[in-house]
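Letters A, B, ... are given to chains in the order of the sequence lines, protein chains preceding strands, and every chain is numbered from 1.
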Amino acid sequence: MNPENYLILAAILFAIAAVGVLVRRNALIAFMCVELMLNSCNLVLAAFAQMRGNLDGQVAAFFVMVVAAAEVVVGLAIVMMIYRTRRSTSVDDANLLKL
Amino acid sequence: MTFPWLTILGLVPLVGGLLLFLPMREASKWLGMFFALLTLGFGIGVAVMYTGGADLSVQVPWIRPLGAYWALGLDGMGLAMVMLTVILTPIVLLVEWRSSGLAGRWSSQAFFALVLILEGLSVFVFTANDVLLFYLFFEATLIPMYFLIVGYGGPKAGRAALKFLLFSLAGGLIMLASVIGVFVVSASAGRPTYLLSELAAVPLGGDVGRWLMLGFLIAFIVKAPMVPVHTWLPDAAEQATPGSATLLVGVLDKIGTFGMIKFCIGLFPEASRWVAPAMVVLALVSIVWGALAAIGSKNMMRLVSYTSVSHFGFMVLGIYAFTTTSLSGSMFYMLNHGFSTAALFLAVGYLVSRRGTADIDAFGGIQKVAPVAAGMLMVAALSSLSLPGMATFPSEFMVMSGAFGRYPVIAGLSTLGMVLSAVYALRLYRRPMTGPVNQEAAAPFEGRDLNVVERFAMVPIIGALLLFGFYPQPAVKLVEPTAQAVMQRVQLADPAPAVEGVK
Amino acid sequence: MTSLLPLYQITVPTLEFRQLAPVLLLFGAACVGVLVDALMLGRSRRFRSEVQMGLVLGSIVAALVYTVYNWRVSGGGELVAMGALMLDGPTYLMWSLLLFFGLLAVMLFKEEKLGGGANAFASSAAAIPGSVDEAEADRYRLEQTEIFPLTLFSLTGMMVFVAANDLLTLFVALEVFSLPLYLMCGMARRRRLLSQEAALKYFLLGAFSSAFFLFGVALLYGYAGAFDLRAIDAAVSNPVYGRGLLYAGLAMLGMGLLFKIGIVPFANWIPDVYMGAPTPLTGLMAICTKLAAFGATMRVFFVALGGEAWTWQPIFAVLSLLTMVVGSVMALTQHDVKRMLAYSSIAHAGFILTAITGANQNVPGGQPTAVSSAMFYLAAYGLATVGAFAVVTLVRNAAGEENDMAGWSGLAAKNPWVAGAMALFLLSMAGIPLTGGFMGKWMVFSSAWFGGYWWLVVAGVLTSLVAAFIYLRLIVTMFGQAPARTTFVGDASYWTWIPIIVGALGTVVLGVAPDLVLGPATMLGSFLR
Amino acid sequence: MFLLETVQPMAATGSFLYAWLMIAAPLVVAGILLVGGRVTDAWGHLLATLAIWVSFAVAAVIFAEMWSRPVGERVVESHLYEWFSVGSWSFPVGLYVDPLSILFALLITGVGGLIHIYSIGYMAHDPRRRRFFAFLNLFVAAMLILVLADNYLVLFIGWEGVGLASYLLISFWQERPAAAAAGVKAFVMNRVGDIGMTLAIFSMLAMFGSVRFQTVTEGAAQLQPLWATMIGLFLLLGACGKSAQVPLQAWLLDAMEGPTPVSALIHAATMVTAGVYLVVRSHAIFEASPVAQLAVVIVGTVTLLAGAWIGCSKDDIKKVLAGSTMSQIGYMMLAAGIGPAGYAFAIFHLLTHGAFKANMFLGAGSVMHGMNDDVNMRHFGNLSKYMKVTFATFGIGYLAIIGFPFLSGYFSKDHIIEAAFHANAVAGVCALLGAGITAFYMTRLMLMTFFGEERWLAGVHPHESPKVMTIPLIILAVLSIVLGALMNSWIQGWLEPAVGNHPHEVSLIPTPIGWATLIVVALGVLVGWMVFGRRPVPAVAPSSSNPLTVTGRHDLFGDAINDVVAVAPTMGAARGLAHFDKHGLDGAVDATAFAFGGLSKQMRKLQNGYARSYALTMVLGFVGVAVLLILTHLA
């Protein structure tokens, strides 16, 4: 299979995820979309590693996963904190800071 | 290296001003006056040394990567301006001795401190031989002036001060672009330098030179101020105290014309020649506009500041007419105008301080109750209309007669300013001083004609006006070399007399 | 060296400990700090913050000393940690600045006198606002001190960020310095709702942008076949694959970096986050984050993408113009001092970006380069910013900080020194001569002009006028208006005064004798490629 | 045009060395009185009077020495000091004592001295008497600078100095708004004239590089005709301002608000004649330009008629005299414009006029003194009975001005009329006509004041003035009688070194034109008597629809014209600009600020607080960057 297809898939995934961030109100889902974006990056890295014939990209994907995990930890903590305060995970509810 | 007299001359008031921020009591005023007089002493010393032929310039690398130097030096014009500054400062302090500490104002200690800081910065402005150094102090003078207006001004002082600052900053920032451009050009030509003497060798001609020159020029036009960017001055002067207004118009605004000569023309002779016709016309517009607006002003402080717009028009006319006579006249005018405006602002200030308003219609018949104040105002008004015998006359005459040789029509039209000046100057005297005694207006003056301090403050100013009116030769000879240097820089010769062979 | 791990052999990585010491010191101290928070219980609990502060100060000072020492010894220009980090002139310069400003900003964290014995951070961030837990934690001073190790982690990340020699390290460092900041944003002691909202927004948008960043990294990897900056540079010069990948990667990577700097249109988060975050942290973010992000941006764009300068320069020019204008104009009508400073920080980012737009790298005659210009500006801006935010913490009303500009009116009458210092900082930000801000403006504009962008300079100076109005407005409020009744200047300890005094002195020194900083900065002004 | 013979000035020797004393004495005294304050109240006026007589003495000594010298050595230049020099131009302060200027000096100090004495009585009860004398001294000093200067710039100092003194003295009773306004008006209109003066000086500098009389006189012939005309017209403009010639005449009538001695000294005898002095002094310029000469003739002719016209229709005794002054100076101008033939006659008439007009003004002052400062002639009548000395002296002045044979006006005016006929028939006829009108209105004045029934207001008790006032009157009356006869055959020769004219034969016997003049004058007197002498004069001016009268009463609408041409536009422009500055320019600045504020408020709406919206902005920004990238690559 042509590795470029993976790139296209990754791009589509990235776009879907990005749109997800834009349209979903729920902080958790938005957050998951971000993770999906990171994963699409991983796909790109892996695909390019294959295409360019070195392992750097694949190794990088591991780094990304670790970072993503860390991000999840922090992110969930923040979302939890918000939820406990406001009893809501809607991103749109948090708009005291504006103008 | 010789002893850095000029550095000391600027540092003395600066240090004094900073010292005055330390908490102290009544002694602060005396200390402030001490520093002002000390500076005056140094200033006289420097003048003596300069006229004795001593080389007072200093030149120390300051920001090496930028080619900027701590370079100070004097020429005739610079010395004239420095002397004006150091003479006016103690007078202003004397005048504001009491009034600066009035209720609703900041402490008079802070006033003295700010004035001294302003003095120090001005000295550096007038002696800087390095473009960046000049720019630095040029802009820095805004800050103490701003606080002088805010802290001691009238009810709308905040707004007026802001306007002053924003106008000046606008000009200054445009100039900054040019200052940077000069750096880029000089660096591209080899070695970056901001030293005036070295920049003279850098090619700053052509379109680039013109654009860069315009940047400088705009800042100086705002500063001077000329029509149509003059509106900040009446507002600022209206709200400021007479002392601050004196410093603002008498000293700070001179940086505008000073800068035109030293930097616009000094750096860009070719571009300056190119812009001269436009500047001459603009000067004419300023002369007439300022005079007319002065006639139309109801507030005396505004009126006086408008007269300055007109007078600055004359100075600019003299500068860009490019003759030895007109240039010398302009520089001489810069000096005289300082004294003349000081006299006007102080005389008006005496009236305002008693009556509590500067509205020209709020007075009437004051001459009857306060003849000395009236006399002072009369002398000041006469100097403003350039009556022969006053120092302003020879300078204005030199400007116009010099300009006539190159721009007969413009110079001819500028004589309109003479007529209009008579109208506003006499209006300034006639409304408050003559006519039937206005009881309400006269009451505050009853038995309160000028006191000893106020008279004493006016003496040196009027003395200078009369001295240079009847014997201007020393001052003219002081600034003439600068004028000749400018003529050499722009490579123009004085127009020769049309009729040959007559002597 | 084109790959991190050769396929058939595994070499033992060599680490140059002396060169890496500053980073490792901070990292180690941070780890110890975590342990301190976890282990100092019972009686010793009350000394936690003292111990943490000692750790932070000690490690930062030591790192600073080490940085300077290394710079004297090595003089710059070596790859360390298996090619992951480049220790060249700019690295040393940025490290020094990061550590210096980190040190200043972190002092504000320790300020407890102002809040009546409590610092600006929530004693227990996990407790629900208004809950019994929170009240208890407050009453018994059950303070968590995680902010100190978090700060150190963040600083570590920043230091790696500016030195990273490959895109992957860059990404990891980005996250390392961002994640702690996300958390700390939500930890304000007062107005916690705002604080938490700031954290959420910062996190969400930050994660969003790092995804773009990462995608860009991946695309560039695809283009060059390596993460190494110099390899990308080589690929730019001798393209093997189509440039589409390069441009797409450049754009996405750039977006991630510019987000961190706060360049319009990627700067929406700045006002909200700066306003909601605890003020001492805002100070830290405003200078250190910006500095790190600028450093990395310059490294990536100059070293890796320098060959494509003609592509990104116009875009940077447009963006910097946009940023200057939007930041300045939007700050014009702000009434909240912190928010105003946030907008102004956007404007400043725009001014600094002009220097990068000019992209003058190796100029003759020891003149300032883009890097040294930007760093000088950041130094001046940093001094003013740290000082300004320190002053913001001082101006208080009964409920805490008074951020409303109306409350600042007549401050000069109450405390001329504080008002004077604030005025000095504001004047520096406005770029008035004899302050560092002026020289900074001069430097970045001259840098832009050298790159041929004279029109940007003209636009920049005009925008400066609008920007100046912002600061003048506050000065007028402080000096020209009648004193507000409910506001007072808090009684602070030296933890607040030191940053203010250092900021004020530094601002004046940079303005009067810029040669002191400019000399070394100019010397260190070029990236090693 | 022929090049005039000129006498080279020589360095000062003998009494000429002390010429500066003439100026210094009154100047120093003025300074003492002004600065000294109340200390000098008691004796200030005496000191001031003394100073003038000292000046007179110096002038007299110099005059005597000059007379004793041969003709070729009568022009003396004495360099005092370098005022300033710049570039190739040098402006020394120096005195130029020649037969012309010494005559002026004598006139100024002599008449001035008499008027000082007179003022001692006239101003005896004024609380600000010291100041009055200080100003008078200042005036005399300035006037002497004007006539003794050796170059145009120093002349200009005096020129402006007398303007200042004139302003101060017109406005002397400044609590009266009319007086304050009149002073300003005089000064400003003089300044309009000064435009001409300054432009003339600038032109001379551009042409010759010097403003010395000597240089200008010698170089004038080499001027391009255009420039000669220009300079001539500029000088004429200056002269018009100072001498109240049409079109700058309007200030003189208002100037009568000043104390009467001021009117006598400044606005009759001396200052207003400075314009004539200027034209005569600059004769070389005018001789180089027939156009300019013609302009002078026209101005003089028009003014002599205009002044006479005004004189006919005024009821205010001082304004009648002021109109008459305008008219008489018109004669002098006319003479000066005629060319070499007229210079001496202009100066001659100037001197005699100085005597008899001062005499009449002081006489009017004496009348007012006795009539509680009333000036309306309709409130006078039959004063000859009560004020005998005043009447007698005034009568002599009257006879002198109308040209009664063998009194001073007879000689000087007839010469002018005759010369005018030779030069320009129209001007001659006008001058002749003017003589008739002069006789008419002076007769009217005499009849209304001194004859007829008593129309006094209630509470007025006319009485003769004190001796200190009448003695100067008597002296001036004597001068009015003898001056003409004394100088008739002498003046031309005397002035030759200054104006370079060869004397014409003048006789005491009337020429045909002289006879005609006498007839016209007699007619004028007769008509005056018919109108005003035979029937009672109404105490209130009858309203008149006679356009001649209406125009005359309104000063020929001079104020209205000035208002339309200059004052209204200026004030309109002034108010307009002050308004425009506030609302136009500042409005633009404010509008810009406002626009930025509005923009700011609008843009802040983008910062809506929704994180998703921020994310969208970022994505859109990214798209924008991508588009830019593509665009730059297409380009």
Original post:
Ion pair present between B:Asp235 and B:Arg302, side-chain N to carboxylate O less than 4.0 angstrom?
Top reply: yes
Subject >> Contacting region of D:Ser203 [heavy-atom separation from chain B under 4.5 Å] >> reply: both
Subject >> Structural part of D:Trp83 lying under 4.5 Å from a heavy atom of chain B >> reply: both
**OP:** Measure D:Ala588 against the heavy atoms of chain B and call it side chain, backbone, both or neither at under 4.5 Å.
**Re:** neither
**OP:** Using a cut-off of under 4.5 Å on heavy-atom pairs, state which of D:Glu175, D:Arg575, D:Arg131 scores highest against chain B.
**Re:** D:Glu175
Subject >> Option that, when pairs with chain B are counted at under 4.5 Å, heavy atom only, ranks first among D:Leu205, D:Asn190, D:Leu164 >> reply: D:Leu164
**OP:** Using the ring of D:Phe172 (Phe, Tyr or Trp, six-membered ring only), decide whether D:Arg128 places NZ or CZ under 6.0 Å from its centre and within 45 degrees of its axis.
**Re:** yes
Subject >> Under 4.5 Å from any heavy atom of chain B - which part of D:Met571 >> reply: side chain
Original post:
What do the steps show when you test D:Arg191 against D:Glu160 for salt bridge (charged side-chain N to carboxylate O under 4.0 Å, His left out), and what is the final call?
Top reply: CA-CA 8 Å; D:Arg191 274 256 155 169; D:Glu160 291 281 280; 2.7 Å; yes
Original post:
Which atom pair, heavy atoms only, marks the closest approach of B:Val479 to B:Ser328?
Top reply: CG2-O, 3.7 Å
Original post:
Side chain, backbone, both or neither: which part of D:Leu34 has an atom under 4.5 Å from a heavy atom of chain B?
Top reply: neither
Subject >> Pick from D:Leu168, D:Asp194, D:Ile195 with the largest number of heavy-atom pairs that fall under 4.5 Å of chain B >> reply: D:Ile195
**OP:** Tell me, for D:Lys582 versus chain B, whether the close heavy atoms (under 4.5 Å) come from the side chain, the backbone, both or neither.
**Re:** side chain
**OP:** Examine whether an atom of D:Thr198 lies under 4.5 Å from a heavy atom of chain B, and if so say whether it belongs to the side chain, the backbone or both; otherwise answer neither.
**Re:** side chain
**OP:** Of all the heavy-atom pairs spanning D:Trp159 and D:Gly238, show the shortest one and how long it is.
**Re:** CZ2-O, 3.1 Å
Original post:
Less than 4.0 Å between a side-chain N and a carboxylate O, is that true for B:Lys298 and B:Asp359?
Top reply: no
Original post:
Should the heavy atoms of other residues, nucleotides or ligands under 6.0 Å from CZ of D:Arg129 be counted, would the total exceed 12?
Top reply: yes
**OP:** Against chain B, work out which of D:Ala179, D:Ala206, D:Pro127 has the most heavy-atom pairs shorter than 4.5 Å and name it.
**Re:** D:Ala206
Original post:
Using a cut-off of under 4.5 Å for heavy-atom pairs, which of D:Tyr81, D:Phe91, D:Phe234, D:Trp173 has the most such pairs with chain B?
Top reply: D:Tyr81
Subject >> Geometric class of the B:Trp289/D:Phe580 ring pair [parallel <30°, tilted 30-60°, perpendicular >60°] >> reply: tilted
Subject >> CH2 (D:Trp20) with more than 12 external heavy atoms under 6.0 Å >> reply: no
Subject >> Per-residue contact mode, D:Val93 against chain B (heavy atom under 4.5 angstrom) >> reply: neither
